[in-house]
Amino acid sequence: MAKEQGITPQSQDFSQWYIDVIQRAELVDYGPVRGTMVMRPYGYALWENLQRELDRMIKETGHQNAYFPLFIPMSFLQKEAEHVEGFAPELAVVTHAGGEELEEPLAVRPTSETVIGYMWSKWIGSWRDLPLLMNQWANVVRWEKRPRPFLRTTEFLWQEGHTAHASREEAEEETRRMLGVYAELARDYAALPVWEGMKSEKEKFAGAVYTTTIEAMMRDGKALQAGTSHFLGQNFAKAFDITFQDQDLEEKYVWTTSWGLSTRMIGALIMAHGDDQGLVLPPKLAPIQVVIVPIYRKKTREVVLEAASELAREIRAAGVRVHLDDRDQYSPGYKFNDWELKGVPLRVEIGPRDVEAGHAVLKSRLGGEKEFIGLRDLPGILPERLEGFHRALYERAQAFRDERVERVDDYDAFKVQVERGFAAAFHCGDAACEKAIQEETKATTRLVPFDFPAEQGVCVRCGKPSAYGKRVLFAKAY
RNA sequence: CGGGGCGUAGCGCAGUCCGGAAGCGCGCCUGCUUUGGGGGCAGGAUGUCGCAGGUUCAAAUCCUGCCGCCCCGACCA
């Protein structure tokens, strides 16, 4: 009864639950340098699945992958005033290399707008070169004060899309299109309902005209920004002199966008779906969708393992990621707990009695009764069961989210609400007022949702007229 | 960067106050037994007590300095 292996319950300490679960499930371990993490094979497989789907979606929307260098001359970052101001405090800078001090220090990229802008100024000359639609999968480094695995690591993996367009309208459409791709990824693959909307001036990307975001709710009621898409206007075009000659013979600056989604998304789905037993992984991203736990004694070992192997082959042939846990040294009970901790959506148990009867036991990570399913039918029904699992997971997350969003018009009610979830309130749009709200309540504006209805009102804190023509979502955020 | 905590076996920790043989649980290895919700018994392996210096007959323990990590906060496209 080695029950001390248990993880901290969410209700007791959500933060500790998160740390426990990601380590015990072998997703990650801490690296030797502060704020770094090692993605272990199970965690990396999750990222690879997410990456595969997103990469496909990015290509389907017309973008091509490329790769730009890790090192960026310091002077590049200084060319866009707002950009350098935003990123300077968190830069890692190389001052020595090849045994010598460098003439010009090199920044390890915190994001690649600058180096891409530099290259594009060379590549873009004509309106025929536009739109230029690129993406890169890369690691970036941001020396944040307070790292947390997946949510804010010193080095992280992401994709960053960068596009250049001949017109403002086209660039704005692109900004919005890619945010939609992120929302789709969250919804259809991570089973994560998200709000899409606009960041406030205070929360936008350093160097952007405006930033759009998808925002998700974690099981402690806090918000997590799961992906962002920025309309950069001509800010970087002007800083890096990215111009083209248009059909009207005029020399013009391009309009650019950038958009990114990182390993933070993994943190989001862990904190949105997990429970006190451990992870609950969305089937479309789960490294293992179905685990088979064979149950046998010495005398029945061979016959059970043979039937289980055959079953695994057939399930694999049905296009399902299946794993047969044939580890001899662990009891079935241990394995049940182990795979629940690791968030595998469906479990199949097969023992001597089942082999005899020609069926197996099916159990969902979301609970419910054990079912007996004929061995011949099982491979065929698993894909639809996984679909059903996805839907149930999404609906559960949505129900949780809906229950924790309230419209509030009173500052006292506001303070209460942001302790348990999101507050939909009016705001004056003034950055100083926004800052005061953060200091007084720890909550920040998360976004102005696109799909909130037009509505007039006064700022929940200062009483001045609303700046957005609709309500804004406030929450405490990771 | 401010506040707090911790560095002792792979992991979690006790031992430090009051100096005197380096321990416990889990894990790991071997064997037997068990296996339908984290089995049992027996045997076994594993240490730069964060680092450096000092005091002492003797230091995980006392003194000085340094380093690292974690948590809370400020910060965080």
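Note on naming: letters A, B, ... go to the chains in the order of the sequence lines (proteins, then strands), and numbering restarts at 1 for each one.
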Subject >> A/Gln277 side-chain N/O to B/G37 phosphate OP1/OP2 under 4.0 Å >> reply: no

Original post:
Hey, does the side chain of A/Arg34 come within less than 4.0 Å of B/C69's phosphate (OP1/OP2), counting only N and O?
Top reply: no

Original post:
When we call it a touch if two heavy atoms are under 4.0 Å apart, what does A/Glu340 touch: a base, just sugar-phosphate, or nothing?
Top reply: base

Subject >> OP1 or OP2 of B/U35 under 4.0 Å from side-chain N/O of A/Lys299 >> reply: no

Original post:
Ignoring hydrogens and angles, are the base of B/G36 and the side chain of A/Arg297 linked by a donor-acceptor pair under 3.5 Å?
Top reply: no

**OP:** State which of B/G38, B/G36, B/C71 makes the closest approach to the side chain of A/Asn337.
**Re:** B/G38

Original post:
With both distances kept under 3.5 Å, what pairs with B/C1, Watson-Crick or G-U wobble?
Top reply: B/G73

**OP:** Could you please name the option among B/U35, B/G38, B/G73 that lies closest to any side-chain atom of A/Ile295?
**Re:** B/U35

**OP:** Look at the rings of A/Phe372 and A/His359 and say which category their plane angle falls in: under 30° parallel, 30 to 60° tilted, over 60° perpendicular.
**Re:** tilted

Original post:
Is any side-chain N or O of A/Ser331 closer than 4.0 Å to OP1 or OP2 of B/G39?
Top reply: yes

**OP:** State the pairing partner of B/G31; accept Watson-Crick or G-U wobble contacts with both distances under 3.5 Å, and report none otherwise.
**Re:** B/C41

**OP:** Specify the residues of residues 349-360 of chain A, ordered by number, for which at least one heavy atom lies under 4.0 angstrom from an atom of RNA chain B.
**Re:** A/Glu349, A/Gly351, A/Pro352, A/Arg353, A/Asp354

Subject >> Complement of B/G12, any strand, by Watson-Crick or G-U distances under 3.5 angstrom >> reply: B/C24

Subject >> Pairwise P distance, B/A59 and B/G53 [rounded to whole Å] >> reply: 14 Å

Original post:
Is A/Lys298 near enough to B/U33 that one of its side-chain N or O atoms lies under 4.0 angstrom from OP1 or OP2?
Top reply: yes

Original post:
Which parts of residues 208-239 of chain A get close to RNA chain B, meaning a heavy atom less than 4.0 angstrom away?
Top reply: A/Gln225, A/His230

Original post:
Counting side-chain heavy atoms from CB outward, which of B/C71, B/C76, B/U35 is closest to A/Glu90?
Top reply: B/C76

Original post:
Base, sugar-phosphate, or nothing for A/Gln438, non-hydrogen atoms under 4.0 angstrom?
Top reply: sugar-phosphate

Original post:
Can you tell me if the side-chain N/O atoms of A/Lys145 get under 4.0 Å from OP1 or OP2 in B/G3?
Top reply: no

